[in-house]
Amino acid sequence: MTAWESSYFAQLSSEIRNAMLHDAFVVTVPAGQAIYQAFGPPKLALLHHGQARVKVVSKEGRAATVRYAGPGQVIGLPAAIAQGSPVGADAITDCEVSMLNVNTLRRLAASDATLSWLLAQQACQIVFETVEFLGDNLFGTVQQRVSRHLLDLASNAPEGLIVKVDQQELADAIGSVREVVARALRKLREAGLVERHPSGIRISDPSELHRIAAGQESDEPSKRPVPRADLAGGDRDQEMLGPSAEPDTFLS
């Protein structure tokens, strides 16, 4: 299994691999649907294809993105260890995943030190990634936060790096509102870093976007040419929205 070999589970013995895959099952989760629910039964998912968002959910239903996951990544480990957590996961694009048996994982970890140590290391890594991610969302500028999320959400395509999310999803992810996200996207587009694409947004200059995401924004005005549409005036915040007059999406 390619996904298994791409994950940290590849370090395990063939005996443990066979035991964990024996009672696993493969499912396809459509975009926008839950892979597993916060506060629900613990689940452990290994992504084959697609992109997922891991989010922490309050008891009142408010959610905040804590990390993204792609092929070869495992989601749900803290809940599997702790038998539940306030963290859930949604499919951003259509996802194919192997749902691993949590009870099998716990049984094997109780008797195999190599597996137990690997899970402890990965749980710590998840904590570090989550703290860094939330720190960026709390302390970074809107431009930094939008830039980072665009990079995290981008998928490789023949045309380059493409982001297939709408403004509201970006706003929810950074803890803002879509009007603010629209302004941030306009600035990035005016700087020549992103552009409209039939599937969403194409990242034109990933290295510069990385620089902004890292907090290395320049105080100098952009020397890139201003798009012709800007010279014509109009509501420029809406230019990433596509032909629709609706303000809550920029996808064509």
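Note that the coordinates shown come from a computational prediction; the quantities given were computed from them, not determined experimentally.
Evaluation of the salt bridge (Lys or Arg N to Asp or Glu O under 4.0 Å) rule for Asp112 yields no partner, not counting sequence neighbours. Checked against side-chain hydrogen bond (donor to acceptor under 3.5 Å, both in side chains), Asp23 has the following partners two or more places apart in sequence or in another chain: Asn101, Thr104.
Within the 4.5 Å cutoff, the side chain of Val87 has no heavy atoms near those of the Pro78 side chain. Residues Val27 and Val97 meet the side-chain proximity criterion, which asks for heavy atoms closer than 4.5 Å.
Heavy atoms only, all atoms of each residue included: Leu105 and Ala80 are closest at CD2-CB, 4.2 Å.
A donor-acceptor contact closer than 3.5 angstrom links the side chains of His48 and Ser98. Residues Glu60 and Ser58 bring a donor and an acceptor atom of their side chains to less than 3.5 Å of each other.
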Pairs under 3.5 angstrom only: tabulate donor-acceptor contacts from the side chains of residues 117-127 to other protein residues two or more places apart or in another chain.
from	atom 1	to	atom 2	distance (Å)
Gln125	NE2	Glu129	OE2	3.4

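In this pair, His149 and Tyr68 present their aromatic rings perpendicular. The plane angle is above 60°, beyond the 30 to 60° band.
At distances below 3.5 Å, not a single donor-acceptor pair connects side-chain atoms of Thr65 with backbone N or O atoms of Lys55. Although no hydrogens or angles enter the test, the distance criterion places no donor-acceptor pair under 3.5 Å between the side chain of Glu208 and the main chain of Asp205.
Rounded to the nearest 0.5 Å, atoms CD1 (Ile35) and CE (Met99) are 7.5 Å apart. Taken from CD in Gln51 to CG in Leu153, the straight-line distance is 5.5 Å, to the nearest 0.5 Å.
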